[in-house]
Amino acid sequence: MSADVTRSPDSWPPLREELVGVEPYGAPQLDVPVCLNVNENPYPPSRAVVDDIAGAVTLAASTLNRYPDREFTELRTDLAAYLSRDAGFEVAPEQVWAANGSNEAMLQILQAFGGPGRTAISFAPTYSMYPEYARDAMTTWVAGRRHDDFTFDLDEARRLVDEHRPSVILLPSPNNPTGTALPHDVIGELCALMDQPGSAGVVVIDEAYAEFRRAGTPSALELLPQHRNLVVTRTMSKAFALAGARLGYLAAAPELCDALRLVRLPYHLSAVTQAVSRAALRHADELLGRVDELRAERDSTVEWLTAQGFEVAPSDANFVLFGRFPDRAALWQRLLDRGVLIRITGPDGWLRVSIGTPAEMKAFKDALRDVTAEVNT
Ligand SMILES: Cc1ncc(COP(=O)(O)O)c(C=O)c1O
């Protein structure tokens with residue numbers, strides 16, 4: 001879509017007012033040697049995984065004259081088994097829902113539990129798609145603040161919940177773009193605040209990066225048995241190295257999952273998506289096999305950036321937020337000129353780098369060293 005068509009309320013096409021002048025969301029997709037901007041897993045699937053996925057797609061292809069199982073029963077069963085490993089209890093298939101990326105799953109949550117006259121809240125800096133889900137589900141959006149060190153400000157949360165009585169709280173843990181994880185007591189208190197007579201709402205803990213968390217950082221999945229209003233979203237796009245397949249999922253009380261059937265489009269998960277995801281889940285151990293290496297690379301990147309004198313946010317994810325730069329766009333461009341694409345995101349002055357292979361991280365470090373030397377001379 002050309003940018004001009006959204007410029008004026010009188011322009012064609014006749015957009016909803018709140019979409020006029022808005023740019024479509026998305027990081028630049030550029031063909032450069034070192035892509036460290038969208039927190040992907042840099043390791044492609046092995047030959048064995050590719051072959052199994054291809055076999056599953058071939059089988060699915062022979063049934064493509066029919067609509068797929070709209071309840072994706074087998075995939076739900078496989079996802080439940082996979083989640084049970086991390087949850088510390090047996091997750092039932094009825095406690096699982098899935099969609100085309102966790103983005104779609106969270107949009108469905110807003111469609112089901114938000115809507116006109118209702119409010120969703122989060123705490124900045126945070127994932128920039130959240131206000132878009134709210135807008136698309138005609139839900140009022142309110143953003144509070146985190147502490148300056150990006151940790152969660154529970155007093156601010158209590159104040160906002162009291163003032164706005166939100167229907168949905170959206171919180172990533174680890175947070176994007178800061179990498180900060182939420183402690184269990186914060187999640188527990190938010191769930192309690194949101195489950196009171198006259199003020200019921202759901203608390204979504206977006207664990208897109210949970211598999212990268214450091215030892216000792218818990219998963220919100222463990223809290224599911226205690227809170228009927230807790231939703232924990234996950235994705236196959238990051239640690240699972242399957243961003244191209246578009247499969248996100250969540251665990252929650254069966255009634256919450258059931259409610260999402262009201263807003264999903266018919267047969268929203270194609271037979272191909274279901275087959276690819278199930279084949280990938282059969283290779284979970286292998287696909288997740290590089291997570292430890294990526295975590296080690298993340299920790300050494302944090303150390304290296306700190307040693308260079310940058311401010312660095314401690315990270316439980318596969319990216320690192322660092323700064324601060326008087327002109328971050330200029331620095332970003334200079335890195336790009338050297339073939340290294342990172343992301344301008346977060347508070348002014350900060351940049352985010354995704355963790356890639358050792359060779360990619362070396363290219364990033366070399367380029368950053370050169371660029372900062374240039375800027376300082
Ligand atoms: C915090 C967070 N949540 C959710 C997503 C969406 O991921 P997907 O739709 O690929 O599952 C992303 C993607 O970058 C993210 O950073």
Side-chain angles (χ1 to χ4, degrees), residues 24-29 35-42 75 79 82-83 96-111 120 122-134 136 143 146 150 152 168-182 187 203-213 217 219-221 231-251 260 264 268-270 273 276-277 280-281 287-288 294 298 313 315-321 341-346 350-356:
Y25 176 86
Q29 287 193 303
C35 256
L36 301 172
N37 69 332
V38 287
N39 305 336
E40 293 154 329
N41 188 321
L75 175 58
L79 286 167
Y82 168 68
L83 281 174
V96 174
W97 182 254
N100 295 283
S102 55
N103 268 310
E104 187 181 65
M106 287 187 278
L107 175 61
Q108 291 172 340
I109 291 170
L110 268 286
Q111 289 172 325
S122 193
F123 298 86
T126 195
Y127 183 39
S128 40
M129 273 305 293
Y130 294 162
E132 300 211 10
Y133 310 150
D136 294 348
R146 287 172 170 259
F150 308 133
F152 195 74
V168 180
I169 297 183
L170 286 164
L171 276 175
S173 180
N175 186 35
N176 180 8
T178 66
T180 325
L182 288 170
I187 299 171
V203 177
V204 180
I205 304 298
D206 170 0
E207 288 199 342
Y209 301 97
E211 290 94 341
F212 296 107
R213 66 196 191 275
T217 305
S219 163
L221 287 173
V231 178
V232 183
T233 59
R234 291 268 180 118
T235 181
M236 292 182 88
S237 301
K238 309 295 180 180
F240 229 97
L242 213 68
R246 308 305 298 127
L247 201 281
Y249 55 103
L250 60 83
L260 297 176
R264 60 109 189 271
H268 69 296
L269 283 181
S270 80
T273 302
V276 169
S277 306
L281 281 161
L287 284 164
L288 292 165
L294 290 164
R298 182 240 358 250
S315 175
D316 273 290
N318 67 335
F319 52 81
V320 179
L321 191 72
L341 176 61
I342 64 168
R343 187 81 179 261
I344 301 179
T345 183
W350 296 80
L351 291 167
R352 191 193 70 197
V353 62
S354 310
I355 302 302

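Positions are given from 1, in the same order as the sequence printed here. What you see below is based on every heavy atom in this structure, not just the backbone, and it leaves out hydrogens, waters and symmetry mates. Indexing begins at 1, ligand by ligand and atom by atom, following the structure's order.
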Q: Would you please name every residue forming a side chain to side chain donor-acceptor pair (under 3.5 Å) with Ser128, sequence neighbours left out?
A: none

Q) Can you name the side chain to side chain donor-acceptor pair (under 3.5 Å) partners of Thr345, sequence neighbours left out? A) none

Q. Side chain to side chain contact (heavy atoms under 4.5 Å, CB included) between Leu110 and Leu170: does it pass, once the steps are laid out?
A. CA-CA 10 Å; Leu110 268 286; Leu170 286 164; 4.0 Å; yes

**Q.** For Phe212, all residues meeting ring pair (Phe, Tyr, Trp, His ring centres under 6.0 Å), sequence neighbours excluded
**A.** none

Q: Taking the side chain as every heavy atom from C-beta outward, state whether Arg343 and Asn39 have any atom pair closer than 4.5 Å.
A: no

Find all protein N or O atoms under 3.5 angstrom from an N or O atom of ligand 1 and list the pairs with distances, or write 'none'.
residue: ligand 1; atom: 3 (N); partner: Asp206; partner atom: OD1; Å: 3.3
residue: ligand 1; atom: 3 (N); partner: Asp206; partner atom: OD2; Å: 2.6
residue: ligand 1; atom: 7 (O); partner: Ser102; partner atom: OG; Å: 3.4
residue: ligand 1; atom: 9 (O); partner: Ser102; partner atom: N; Å: 3.2
residue: ligand 1; atom: 9 (O); partner: Asn103; partner atom: N; Å: 3.1
residue: ligand 1; atom: 9 (O); partner: Asn103; partner atom: ND2; Å: 3.1
residue: ligand 1; atom: 9 (O); partner: Arg246; partner atom: NH2; Å: 2.9
residue: ligand 1; atom: 10 (O); partner: Ser237; partner atom: OG; Å: 2.6
residue: ligand 1; atom: 10 (O); partner: Arg246; partner atom: NH1; Å: 2.8
residue: ligand 1; atom: 10 (O); partner: Arg246; partner atom: NH2; Å: 3.4
residue: ligand 1; atom: 11 (O); partner: Ser102; partner atom: N; Å: 2.7
residue: ligand 1; atom: 11 (O); partner: Ser102; partner atom: OG; Å: 2.8
residue: ligand 1; atom: 11 (O); partner: Thr235; partner atom: OG1; Å: 2.6
residue: ligand 1; atom: 14 (O); partner: Tyr209; partner atom: OH; Å: 3.2
residue: ligand 1; atom: 14 (O); partner: Lys238; partner atom: NZ; Å: 2.9
residue: ligand 1; atom: 16 (O); partner: Asn176; partner atom: ND2; Å: 2.7
residue: ligand 1; atom: 16 (O); partner: Tyr209; partner atom: OH; Å: 2.6

Q: Would you please test Asn175 and Thr180 for side chain to side chain donor-acceptor pair (under 3.5 Å) and show each step?
A: CA-CA 5 Å; Asn175 186 35; Thr180 325; 4.9 Å; no

